[in-house]
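Residue indices begin at 1 and follow the sequence shown.
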Amino acid sequence: MSKEDLSIVVWSKQGCSYCGEAKEYLEKNGYEYRTVDVTEHDDRRDILDAKYGVRHVPVIEIGRGNRYEAVTEVGVEHLESALGRL
């Protein structure tokens, strides 16, 4: 399986340094991703709360086939670990 098989969505907000670190890591390592910006969109935070019980960002959703994982912990090491499992 290749990186192209992954579906990655980064939930982020403007000015978030942790969000920037996650995006930078993905770009540097050749991963494509979509962004959902929660800046001034509390309804999008409501979605995160319903799905994962968190309102903070970044949240990174990673899917491959019928496997799916969400990274809700802050820090590139958690993202890297999840990518290794999928």
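- Within 6.0 Å of atom CD in Glu77, more than 12 heavy atoms from other residues, nucleotides or ligands are found, so the atom counts as buried in its surroundings.
- Rounded to the nearest 0.5 angstrom, Glu32 CD and Ile8 CD1 are separated by 9.0 Å.
- When side chains are defined from C-beta on, Ile60 does not count as touching Thr72, because their heavy atoms never get closer than 4.5 Å.
- For Lys13, there are no side-chain hydrogen bond (donor to acceptor under 3.5 Å, both in side chains) partners, not counting sequence neighbours.
- Rounded to the nearest 0.5 angstrom, Arg67 CZ and Ser7 OG are separated by 14.5 Å.
- In this structure, Glu61 and Lys51 approach most closely via the heavy-atom pair OE2-NZ, 2.8 Å.
- Side-chain atoms of Leu83 and Val71, non-hydrogen and from C-beta on, never get closer than 4.5 Å to each other.
- Every residue two or more places apart in sequence or in another chain that forms a side-chain hydrogen bond (donor to acceptor under 3.5 Å, both in side chains) with Thr39 is listed here: Asp37.
- Scored by the side-chain hydrogen bond (donor to acceptor under 3.5 Å, both in side chains) test, Arg85 finds Glu69, Ser81 as partners (sequence neighbours excluded).
- With sequence neighbours left out, Asn66 forms a side chain to side chain contact (heavy atoms under 4.5 Å, CB included) with no residue at all.
- Taking 4.5 Å as the limit, some side-chain heavy atom of Asp46 sits within range of a side-chain heavy atom of Arg55.
- Rounded to the nearest 0.5 Å, atoms OH (Tyr31) and CG (Leu79) are 8.0 Å apart.
- Annotation for Val74 and Pro58: closest pair CG2-CD, 4.5 Å, computed over non-hydrogen atoms.
- A search for side chain to side chain contact (heavy atoms under 4.5 Å, CB included) contacts involving Glu21 returns Tyr18, Val76, not counting sequence neighbours.
- Leu86 and Val10 fall within a single hydrophobic cluster, where Ile, Leu, Val, Met, Phe, Trp and Tyr are joined by side-chain heavy atoms under 4.5 Å apart, directly or via other members.
- Residues passing the side-chain hydrogen bond (donor to acceptor under 3.5 Å, both in side chains) test with Ser12 are Lys23, sequence neighbours excluded.
- The backbone N or O of Tyr25 lies less than 3.5 Å from a partner atom in the side chain of Asn29, making a donor-acceptor pair.
- Connectivity analysis of hydrophobic side chains (ILVMFWY, heavy atoms under 4.5 Å, direct or indirect) links Tyr68 to Val9, Trp11, Val36, Val38, Ile47, Leu48, Tyr52, Val54, Val57, Val59.
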